[in-house]
Colleague: 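Provided herewith is a single structure, encoded as structure tokens, for subsequent inquiry.
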Amino acid sequence: MQQASLLPGTTGLGPRDRPTRPAPGSDLRWLITVAAVFTAGQLYFAVATPGLGWDETVYVSQVDPHTPAAYFSAPRARGVTLLLAPVVAVTTSAPVLHCYLALLSGAGLLLTLCIWRRLLPPPVPALGGALFAGLWVTLFYGPQAMPNLWVGYAALIATGCFLLAVRQPPVQLAPEAGRGAATGLAAAVALVALMRPTDAVWLAVPLFLAGLVVPTWRRSTVLLALPAGLVLGCAEWIIEAYVSYGGFAARLRQAAEIQGGLGWHPSFADHARALQGKTLCRPCHLAWDHPVAAAWWCALPLAVLGAVWAAVRAREPGGALHRYGPVWPPGHGPHSGRRDGLWLDPVRLGSLVLDAARANRLATGGAGQRDGQSWPTLRLHDPDGSLHRYGAAPVVLPSLVGLCLAAPYLVAVDYAAPRFLLPAYALLMMPAAWFLCRLALLPRRRHAAAVALLALVLLGHEAVQLAILHKMQRGTVRAQTDIGRIARTLRTAGLRPPCAVSGEEAVRVAYQAGCASRQPAGHDASITPTALTRLGTRRPAAVLLVSAQRPPHYARGWRKVSLPPTPGLKRLTAYVSPATKP
């Protein structure tokens, strides 16, 4: 392999062979482009979505001053509600809320990628962001009032800040940067805890253990930031447990019951089938008619394993290295007896060589150690990413944390919802993107053909994702239109505030009608049948049932109201209380 020296006049490359460095900031332009396209795609669907989903309605109703709050079950946390509060104070229009969240999630993606821009070679964060943003799950839930995407962003930020906070050489070279990274780590963990406290635990534990087990990563700021962020973010959830749920243990028990009971429930196949276009697979009897929709899901672990293997192997003497540390070519290094400077071996950029005198003059990071030998470490301007200090950590650590975030949903919950794995996808896409870039850069005789084939596969993957997203969007719009028609019909029948709705789709119908949703049974039971009967004599009330069902005993004397056909939902029938006057 030809060698290029950092010393003037000693290069072995001709003008045509010398590698070109990307213009400063070119990688940032790619990140901005990815975030802008992602935001535009979300806005396109957000404007066309007329209403709120079931979970969205629960979160929005908590801060809507004009509508009674829906039942807030034990597993939920207030993070999404706090995120929505500034806009809900002005308007509760679903398109406005969705556009607000689309803009915010686009900005969140850009912020996340900018942090990883400091940890991975320039093409990798852009490709990883594009792979994650291009999933139908990400595009579908990006503009929705749901917590999982924000958990994914915060988990990726926390992992990146962790790596920045434990970087080598130690933080005395830039103590303010180390403190800033630790603060960002604590804030990111707190955000995850505000959104989903259990996910925050699965995020903080592997990061804390990594900071404790790896000797060079032991930083007091990091080991304090993780529990501090966890406690700060979970404080509201824990306080609410004692105020409204009978204590911390009681809330955890109720949360587990609502999830169907946690235990050994491997659901890998369920999650794969749900990727065909199912928001909730419970129970998951969905036929596997389109296995191509889950092809990427099966390929992702292979790409991550390949990335980890290649990154760890790159640290061996003579191994191939992307940009994460010193590699000695044959005949050099600490055991060769030769001390002629620092060697680096970036992919397809040639080897950079420093003689000892020039290395000592340029060294700004002190002395590094390997096998009892020392060499000068450098801190140079490096726009193309050929110098770095992080070893295999930016590939291995997100793989480990992503696995930890996915594990409880894959093996402990007996149903599948694609949004549950969004945090894991956000983390795993970074090592997967690194692996794809590495494959594209490996020397081969038919390099252009291989790169073209890889690009074609990625385009086909994105076409499948967009097709599923289009189908999901159509179904969502149809169902929300049906909910609006039901609410209008009930208002015509006399259901006006103050009122109550129970039964099927009670949460969404009640919210659109300006009523309270009250269930006499189930995990969200908030009223007894007797109390609901008494309520119906004083206020307008309605029970929604699937058309074939008989009315419950407390509603058998209530007036039947025929509802319009609902092609996006089951056919429903309403029974309204005596106090409901047309």
Colleague: Answer with yes or no whether the side chains of Thr580 and Ser577 bring together a donor and an acceptor at under 3.5 Å.
Modeller: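 The answer is yes; a qualifying pair exists.
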Colleague: Could you go through Leu544 and Ser502, starting from their C-alpha distance and side-chain angles, then the distance that decides it, and tell me whether this counts as side-chain contact (heavy atoms from CB on, under 4.5 Å)?
Modeller: CA-CA 6 Å; Leu544 302 178; Ser502 180; over 6 Å; no
Colleague: Evaluate whether atom NE2 of His290 has more than 12 neighbouring non-hydrogen atoms of other residues, nucleotides or ligands under 6.0 angstrom away.
Modeller: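 Counting neighbours around NE2 of His290, 12 or fewer heavy atoms of other residues, nucleotides or ligands fall under 6.0 Å, so no.
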Colleague: Rounded to the nearest 0.5 Å, how far does SG of Cys99 lie from OH of Tyr44?
Modeller: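 It is 13.5 Å, given to the nearest 0.5 Å.
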Colleague: Rounded to the nearest 0.5 Å, how far apart are OG1 of Thr39 and CG of Leu109?
Modeller: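 Nearest 0.5 Å value for the OG1-CG distance: 7.5 Å.
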Colleague: Report yes if some heavy atom in the side chain of Arg419 is under 4.5 Å from a heavy atom in the side chain of Met146; otherwise report no.
Modeller: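 A side-chain contact under 4.5 Å exists here.
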Colleague: Do the numbers put Arg251 on top of the ring of Trp237, so that NZ or CZ is under 6.0 Å from the six-membered ring centre and no more than 45° off the axis?
Modeller: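 Arg251 over Trp237 ring: yes.
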Colleague: Could you walk me through whether His470 and Gln473 pass side-chain contact (heavy atoms from CB on, under 4.5 Å), step by step?
Modeller: CA-CA 5 Å; His470 181 64; Gln473 180 68 13; 5.6 Å; no
Colleague: So that I can tick it off, tell me whether Arg76 and Asp55 are bridged by a salt bridge, with the cut-off set at under 4.0 angstrom between side-chain N and carboxylate O.
Modeller: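 Answer for the salt bridge query: yes.
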Colleague: Does Gln259 reach the main-chain N or O of Ala255 with its side chain, forming a donor-acceptor pair under 3.5 Å?
Modeller: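 No; judged by distance alone, with no hydrogens or angles, the pair does not exist.
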Colleague: Does Arg559 make a cation-pi contact with Tyr575, if we ask for NZ or CZ under 6.0 Å from the ring centre and within 45° of the axis?
Modeller: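 No; the conditions do not both hold, so Arg559 does not lie above the ring face of Tyr575.
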Colleague: Pick one: which of Val201, Ile157, Asp199, Thr198 meets side chain to side chain contact (heavy atoms under 4.5 Å, CB included) with Val192?
Modeller: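 When side chain to side chain contact (heavy atoms under 4.5 Å, CB included) is applied between Val192 and each of Val201, Ile157, Asp199, Thr198, only Asp199 qualifies.
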Colleague: How close do Thr566 and Asp482 get, heavy atom to heavy atom, and via which atoms?
Modeller: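 In this case the closest contact between Thr566 and Asp482 is C-OD2, 3.3 Å.
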Colleague: Quick one: are Thr279 and Trp54 in side-chain contact, heavy atoms under 4.5 Å?
Modeller: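 No. Closest side-chain heavy atoms not under 4.5 Å.
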Colleague: Assess whether side-chain contact (heavy atoms from CB on, under 4.5 Å) is satisfied between Val411 and Ser267, documenting all intermediate values.
Modeller: CA-CA 6 Å; Val411 301; Ser267 56; over 6 Å; no
Colleague: Quick one: is the NZ or CZ of Arg534 closer than 6.0 Å to the six-membered ring centre of Tyr554, and within 45° of its axis?
Modeller: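 Ring-cation test returns no.
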Colleague: Would you say CH2 of Trp296 has more than 12 non-hydrogen atoms from neighbouring residues, nucleotides or ligands within 6.0 angstrom?
Modeller: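 Yes, CH2 of Trp296 has more than 12 neighbouring heavy atoms, counting only those of other groups under 6.0 Å.
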Colleague: Within a strict 4.5 Å, meaning less than it, do heavy atoms of the Met195 and Arg78 side chains meet?
Modeller: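 No, too far: nothing below the 4.5 Å cut-off.
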Colleague: Supply the atom-to-atom distance Leu422 CG to Leu427 CG, rounded to the nearest 0.5 angstrom.
Modeller: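 If we round to the nearest 0.5 Å, Leu422:CG and Leu427:CG are 11.5 Å apart.
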Colleague: Nearest 0.5 angstrom please: Leu405 CG to Thr159 OG1, how far?
Modeller: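 Leu405 CG to Thr159 OG1: 7.5 Å, rounded to 0.5 Å.
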Colleague: Using distance alone, with no hydrogens and no angle criterion, decide if Thr67 and Ser61 have a side-chain donor and acceptor under 3.5 Å apart.
Modeller: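 Note: Thr67 and Ser61 side chains miss the donor-acceptor criterion.
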Colleague: Taking the side chain as every heavy atom from C-beta outward, state whether Tyr153 and Ser105 have any atom pair closer than 4.5 Å.
Modeller: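 Side chain of Tyr153 against side chain of Ser105, heavy atoms only: contact under 4.5 Å found.
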Colleague: Run Val231 and Ile238 through side-chain contact (heavy atoms from CB on, under 4.5 Å) and show every step you take.
Modeller: CA-CA 9 Å; Val231 171; Ile238 295 173; over 6 Å; no
Colleague: So with a 6.0 Å cut-off around CZ of Arg550, is the heavy-atom count from everything else above 12?
Modeller: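 Atom CZ in Arg550 is not packed in, count stays at 12 or less.
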Colleague: Between Thr81 (side chain) and Tyr59 (backbone), is there a donor-acceptor pair under 3.5 Å?
Modeller: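 Flag set: sc Thr81 to bb Tyr59 pair under 3.5 Å.
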Colleague: Check Thr49 against Val477 and note the closest heavy-atom contact, atom names and distance.
Modeller: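 Result for this residue pair: CA-CG2, 4.4 Å.
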Colleague: Indicate yes or no: at least one non-hydrogen side-chain atom of Pro565 is less than 4.5 angstrom from one of Arg485.
Modeller: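 Counting from C-beta outward, Pro565 and Arg485 do come under 4.5 Å.
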Colleague: Checking the side chain of Arg518 only, and the main-chain atoms of Ala500 only, is there a donor and an acceptor separated by less than 3.5 Å?
Modeller: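 Between the backbone of Ala500 and the side chain of Arg518 there is no qualifying donor-acceptor contact (under 3.5 Å).
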Colleague: Is it true that Gln519 and Ser526 share a donor-acceptor pair across their side chains at a distance under 3.5 Å?
Modeller: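 There is no such pair (donor and acceptor under 3.5 Å, judged by atom type) between the side chains of Ser526 and Gln519.
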Colleague: Please report the shortest heavy-atom distance between Pro50 and Gln480, naming the atom on each side.
Modeller: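 The pair with the smallest heavy-atom distance is CD-OE1, 3.5 Å.
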Colleague: Measure from the side-chain N and O atoms of Thr138 to the backbone N and O of Gly134, and report whether any donor-acceptor pair falls under 3.5 Å.
Modeller: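 No: the side chain of Thr138 does not pair with the backbone of Gly134.
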Colleague: Can you tell me how far CD of Glu462 sits from CG of Leu135, rounded to the nearest 0.5 angstrom?
Modeller: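 If I round to the nearest 0.5 Å, the distance is 7.5 Å.
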Colleague: Does either side chain, that of Trp297 or that of Tyr425, offer a donor lying less than 3.5 Å from an acceptor on the other one?
Modeller: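 Result is yes, a qualifying pair exists.
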Colleague: Do you know which two heavy atoms are closest between Gly514 and Pro68, and how far apart they sit?
Modeller: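 Closest pair (atom of Gly514, atom of Pro68, distance): O-CD, 4.0 Å.
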Colleague: Just by distance, no angles: are the side chains of Gln254 and Ser73 close enough, under 3.5 Å, to form a donor-acceptor pair?
Modeller: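 No.
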Colleague: Determine the minimum heavy-atom distance between Leu275 and Ala293, stating which atoms define it.
Modeller: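 Closest approach of Leu275 to Ala293, heavy atoms only: O-CB, 3.8 Å.
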Colleague: Would you call Glu505 and Lys570 a salt bridge, using N to O less than 4.0 angstrom?
Modeller: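 Between Lys570 and Glu505 there is no salt bridge, as every charged N stays at least 4.0 Å from the carboxylate O atoms.
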Colleague: Would you sort out whether Glu56 and His98 count as a side-chain hydrogen bond (donor to acceptor under 3.5 Å, both in side chains), showing the intermediate values?
Modeller: CA-CA 10 Å; Glu56 291 184 291; His98 289 150; 2.9 Å; yes
Colleague: Check whether any side-chain heavy atom of Leu545 lies under 4.5 Å from a side-chain heavy atom of Pro552, and answer yes or no.
Modeller: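 With C-beta onward as the side chain, the pair touches.
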Colleague: What is the distance from atom OG of Ser547 to atom CG of Leu563, rounded to the nearest 0.5 Å?
Modeller: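 Between Ser547 OG and Leu563 CG, I get 7.5 Å after rounding to 0.5 Å.
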Colleague: Could you check whether any side-chain N or O of Glu236 sits under 3.5 Å from a backbone N or O of Leu194, counting only pairs where one atom can act as donor and the other as acceptor?
Modeller: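 Not at all, since once roles are kept as given, no pair shorter than 3.5 Å links the two residues.
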Colleague: Does a side-chain heavy-atom distance below 4.5 Å link Pro567 with Arg478?
Modeller: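 Yes, at least one pair of side-chain atoms sits under 4.5 Å.
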Colleague: With the side chain counted from C-beta on, respond yes when Arg196 and Trp150 share a heavy-atom pair under 4.5 Å apart, and no when they do not.
Modeller: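 SC-SC contact between Arg196 and Trp150 ruled out.
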Colleague: Can you give me the closest heavy-atom contact between Trp116 and Leu156, atom names plus distance?
Modeller: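 The answer is NE1-O, 2.8 Å.
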